[in-house]
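Scroll down for the structure; my scribbles are underneath it.
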Amino acid sequence: MAVRNVKNCIDIKESILKEIPAAKIDVFELDLSSLASVRKFAADFNSSGLPLNILINNAGLMATPFMLSQDNIELQFATNHLGHFLLTNLLLETMKKTVRECNQEGRIVIVSSEAHRFAYSEGIRFDKINNESEYSSYFAYGQSKLANILHANELSRRLKEEGVQITVNSLHPGTIVTNILRHHGYFNAVANMVGKYFLKNVQQGAATQCYLALHPQVKGISGEYFTDSNKASPTSLAKDTKLAQKLWELSVSLSNTK
């Protein structure tokens with residue numbers, strides 16, 4: 001478990017072990033808004049000797065006021081996309097090694113959102129990622145979620161070309177009662193009061209990502225977008241291969257990676 005708040009995660013680890021005493025859980029610190037933190041986590045994990053069969057990119061911020069990350073990149077784009085992009089790239093060789101040794105399909109699952117339909121009109125604002133004067137907290141969130149799908153599709157394409165036995169899919173988990181709206185006090189309060197009656201709970205929200213990570217029905221399926229454990233059709237921008245390649249190039253440049 002790679003988490004920003006290690007103390008809270010230790011409590012979660014202990015609660016899991018009470019239910020499943022045979023579980024083996026390692027906790028690592030990881031702040032996806034910091035490229036340095038991503039690099040440290042990846043170095044620690046890669047040197048641990050642990051195998052990597054499944055990677056679920058599941059962290060996210062939603063509709064924050066305009067802020068820059070430690071690396072001077074708009075915070076939602078930095079956390080929701082760029083941190084995951086760098087993390088996946090840095091762990092990929094370990095996953096490939098695990099696949100070869102286990103002779104079993106590896107799976108990468110990237111959590112996106114139906115909010116990708118509400119990105120900026122051009123999709124990704126390549127030259128305006130940090131433009132505060134034109135910033136919209138909700139469109140910027142949609143942009144980062146669109147980036148998640150484009151990342152999954154381009155990585156899937158590249159792995160297929162290599163002939164690597166690793167699938168990559170993206171998904172919409174559903175609208176879930178969490179603290180993701182904590183930057184919007186009124187909406188957060190309303191969601192927590194009445195959300196339990198018509199929004200998904202955490203277990204329901206985790207269902208599609210667990211399905212993509214574990215179910216034999218999706219063996220060999222890659223480069224797809226899912227919702228409610230079924231294939232779904234994202235926007236035309238999300239299917240744009242040239243946009244995906246351009247985003248890949250920007251992400252390589254911003255993260256100083258290959």
Side-chain angles (χ1 to χ4, degrees), residues 1-4 28-61 67-100 106-112 116 119 123-130 140 143-170 222-223 238 240-258:
M1 299 172 71
V3 298
R4 187 176 55 185
F28 291 82
E29 184 175 5
L30 172 62
D31 181 354
L32 283 160
S33 70
S34 163
L35 297 178
S37 177
V38 173
R39 291 184 187 281
K40 182 181 185 306
F41 165 79
D44 290 345
F45 184 88
N46 288 335
S47 64
S48 72
L50 291 168
L52 183 59
N53 300 86
I54 299 164
L55 173 64
I56 301 178
N57 289 326
N58 185 43
L61 293 170
M67 291 184 274
L68 295 177
S69 70
Q70 294 177 27
D71 306 283
N72 292 316
I73 300 164
E74 189 276 308
L75 191 60
Q76 293 190 84
F77 189 83
T79 305
N80 297 354
H81 166 64
L82 195 61
H84 287 136
F85 176 86
L86 178 61
L87 176 67
T88 304
N89 269 17
L90 294 177
L91 296 178
L92 204 51
E93 287 306 313
T94 295
M95 179 169 266
K96 290 177 182 178
K97 179 174 182 285
T98 303
V99 167
R100 289 193 299 269
R107 296 186 183 182
I108 298 172
V109 179
I110 300 178
V111 178
S112 178
H116 83 275
I124 307 295
R125 294 190 138 187
F126 292 98
D127 300 320
K128 297 181 179 179
I129 296 293
N130 287 355
Q143 172 181 247
S144 70
K145 295 289 102 180
L146 172 62
N148 291 148
I149 302 176
L150 293 169
H151 174 210
N153 293 350
E154 177 63 9
L155 180 56
S156 172
R157 184 189 69 78
R158 288 169 177 253
L159 291 173
K160 285 176 182 176
E161 278 191 357
E162 282 186 53
V164 178
Q165 196 183 357
I166 298 174
T167 63
V168 192
N169 292 293
S170 57
S222 191
D240 189 325
T241 56
K242 290 183 178 178
L243 189 65
Q245 290 167 14
K246 188 175 180 182
L247 174 65
W248 188 280
E249 291 166 4
L250 175 69
S251 304
V252 166
S253 174
L254 290 175
S255 62
N256 295 312
T257 189
K258 294 181 180 180

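Here, residue 1 is the first one in the sequence, and each next residue gets the next number. Below, each value reflects all heavy atoms present in this structure, side chains not excepted, and no hydrogens, waters or symmetry copies.
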Apply side chain to side chain contact (heavy atoms under 4.5 Å, CB included) to [X] and list each qualifying residue two or more places apart in sequence or on a separate chain.
{"X": "Ala244", "result": "Leu150, Glu154"}
{"X": "Ser69", "result": "Asp71, Ile73, Leu75, Ala78"}
{"X": "Leu50", "result": "Asp26, Phe28, Phe45, Ser48"}
{"X": "Ser37", "result": "Leu30, Asp31, Ser34"}

Option from Leu155, Ile149, Asn148 for which side-chain contact (heavy atoms from CB on, under 4.5 Å) with His151 holds
Leu155
Is there a side chain to side chain contact (heavy atoms under 4.5 Å, CB included) between Leu247 and Leu146 once you walk through the steps?
CA-CA 10 Å; Leu247 174 65; Leu146 172 62; over 6 Å; no
Going by side chain to side chain donor-acceptor pair (under 3.5 Å), name the residues that satisfy it together with [X], two or more places apart in sequence or in a different chain.
{"X": "Arg39", "result": "none"}
{"X": "Asn58", "result": "none"}
{"X": "Ser255", "result": "none"}
{"X": "Ser251", "result": "His81"}

Just jot down the salt bridge (charged side-chain N to carboxylate O under 4.0 Å, His left out) partners of [X], sequence neighbours excluded, or say none.
{"X": "Glu29", "answer": "none"}
{"X": "Lys246", "answer": "none"}
{"X": "Lys40", "answer": "Asp44"}

Residues two or more places apart in sequence or in another chain: which of them pass ring pair (Phe, Tyr, Trp, His ring centres under 6.0 Å) with His84?
none
